[in-house]
Amino acid sequence: MQNINNIIKTAALAIIAAVLATGCINEKYSMQRNLQSVMIQLDVSPGSEMTKITEAPTDQEQAINTRRVYAFNGNRMCGYYHLTNTYTGPVIMDLELPDGTSVVDFYLIANEAAMHLTDDTPALNENTTLEQLRNIRFTSLNSSGGMPMYCIQTESIDVSKVAGANTADGHKGHIVLDHHVKAELSRPVAKLAVYAAKADANAPDIRIKDVKMLAKGTRQYNYLLEQDPALLEAIPSRLNDRDLLVPESLMVTSSYTDRNDVSQYDPVGTPVYLSEVTEGSSGWDVNAGDE
């Protein structure tokens, strides 16, 4: 279990970005002379796997309850969209871009209410800066909020490649681009499930009294977005070990004929979600040398 982070990478939700109308960037800011409003549509759909192994996500793990999208041209926010319900149609937003081709970084965040943010992490809103987005941290998950998910996608957008003009109220004259973006939402935690079985069906039943993640392998908080290893190494561990066995003990009665068939095992406790750590090896049963 030392290599939880490498074994079970958080899996993905597929997204596609195309072009249409709704959710304008805040237009109280005066637009520079060479800026124009162009329109991008993002079609969001959940992926079929929870992890990059084989496990299918639960309904909670694949649900998208809220969506927030930030778009930046350099350090300037050029687009913003926020949806607070489970609407499954396209996400449509306006961008303010200069003439020619611009590099735009999209930051997508789903189910933000699922995170218990650290005290120094500001709540997300239309004024959130790029630096604040990159430093979102949370201490635990709120199961009723779904699973937090994110994506950072960089696109080169040419405002001259238009599909037409929008005529919807509030968007008249805004240019609809002939541009499709493909992105992928990921989960920022790993999922760990423990199973046990006897190798010999005739062997006595086994009682498991304790399963825990040692404090050294845990972290006090987790970043939503991917970070440099040096930053992850600086995150302190929890003060106490993390108990994984609920209830307090379990009788293992199952036995396996196929060691790799999880259905032949008894589940030990309930699955847990773990923060990313830098230690570990690429194989779940390989000791990386750090006890």
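Heads up: numbering here begins at 1 and tracks the sequence. As the structure is a computational prediction, the values presented were derived from the model and not from experiment.
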Any idea which heavy atoms bring [X] and [Y] closest together, and the distance?
X: R238; Y: A215; answer: O-CB, 3.4 Å
X: G74; Y: L130; answer: O-CD2, 4.1 Å
X: K212; Y: D210; answer: CE-OD2, 3.0 Å
X: K198; Y: A203; answer: NZ-O, 2.8 Å
X: L141; Y: H116; answer: O-CE1, 3.9 Å

Could you walk me through whether R187 and Q62 pass the side-chain contact (heavy atoms from CB on, under 4.5 Å) test, one step at a time? CA-CA 10 Å; R187 301 170 179 87; Q62 67 179 345; 4.3 Å; yes
Spell out, yes or no, whether L245 and I206 are grouped together once hydrophobic residues are joined by side-chain heavy atoms under 4.5 Å, including indirect joins.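 Both belong to a single hydrophobic cluster.
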Can you check whether [Y]'s main-chain N or O pairs, donor with acceptor, with [X]'s side chain at less than 3.5 Å?
X: T66; Y: A110; result: no
X: D261; Y: Y256; result: no
X: D258; Y: N260; result: yes
X: D266; Y: S254; result: yes
X: Q264; Y: A197; result: no

Between Y107 and F72, what is the ring plane arrangement, given parallel below 30°, perpendicular above 60°, and tilted in between?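 Perpendicular, since the angle between the ring planes exceeds 60°.
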Could you grab the distance from atom [atom1] of [X] to atom [atom2] of [Y], nearest 0.5 Å is fine?
X: L95; Y: F106; atom1: CG; atom2: CZ; result: 5.0 Å
X: T129; Y: Y70; atom1: OG1; atom2: OH; result: 9.5 Å
X: L214; Y: R242; atom1: CG; atom2: CZ; result: 13.0 Å
X: L192; Y: M213; atom1: CG; atom2: CE; result: 5.5 Å
X: I136; Y: T121; atom1: CD1; atom2: OG1; result: 7.5 Å

Return the set of residues passing side-chain contact (heavy atoms from CB on, under 4.5 Å) with T101 (not counting sequence neighbours), or none when no residue passes. S156, D158
Set of residues satisfying side-chain contact (heavy atoms from CB on, under 4.5 Å) with respect to N73, sequence neighbours excluded: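 N73: side-chain contact (heavy atoms from CB on, under 4.5 Å) contacts with R76, C78, L97, P98, S102.
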Using distance alone, with no hydrogens and no angle criterion, decide if N75 and E131 have a side-chain donor and acceptor under 3.5 Å apart.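 Result is no, nothing qualifies.
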Indicate whether the side chain of S37 and that of D94 have a donor and an acceptor atom separated by less than 3.5 Å. no
Walk me through it: do M147 and Y273 pass the test side-chain contact (heavy atoms from CB on, under 4.5 Å)? CA-CA 10 Å; M147 180 65 63; Y273 302 102; 3.3 Å; yes
Applying side-chain hydrogen bond (donor to acceptor under 3.5 Å, both in side chains), name anything that partners D241, two or more places apart in sequence or on another chain.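 Not a single residue meets the side-chain hydrogen bond (donor to acceptor under 3.5 Å, both in side chains) criterion with D241.
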Which residues pass the side-chain hydrogen bond (donor to acceptor under 3.5 Å, both in side chains) test with T218, sequence neighbours left out?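 Not a single residue meets the side-chain hydrogen bond (donor to acceptor under 3.5 Å, both in side chains) criterion with T218.
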Between E112 and R68, is the closest basic N to carboxylate O distance under 4.0 Å? yes
Trace of the side-chain contact (heavy atoms from CB on, under 4.5 Å) decision for L133 with I109: CA-CA 10 Å; L133 282 176; I109 299 172; 3.8 Å; yes
Members besides L239 in its Ile/Leu/Val/Met/Phe/Trp/Tyr cluster (side-chain heavy atoms under 4.5 Å):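 Reading the cluster by chain and number, L239 sits alone, since nothing else belongs.
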Distance-only check: which donor-acceptor pairs under 3.5 Å involve side-chain atoms of residues 221-237, not counting sequence neighbours?
from : atom 1 : to   : atom 2 : distance (Å)
Y221 : OH     : R137 : NH1    : 3.0
N222 : ND2    : P188 : O      : 2.9
E226 : OE2    : Y150 : OH     : 3.1
Q227 : NE2    : R134 : O      : 2.8
Q227 : NE2    : L225 : O      : 3.3

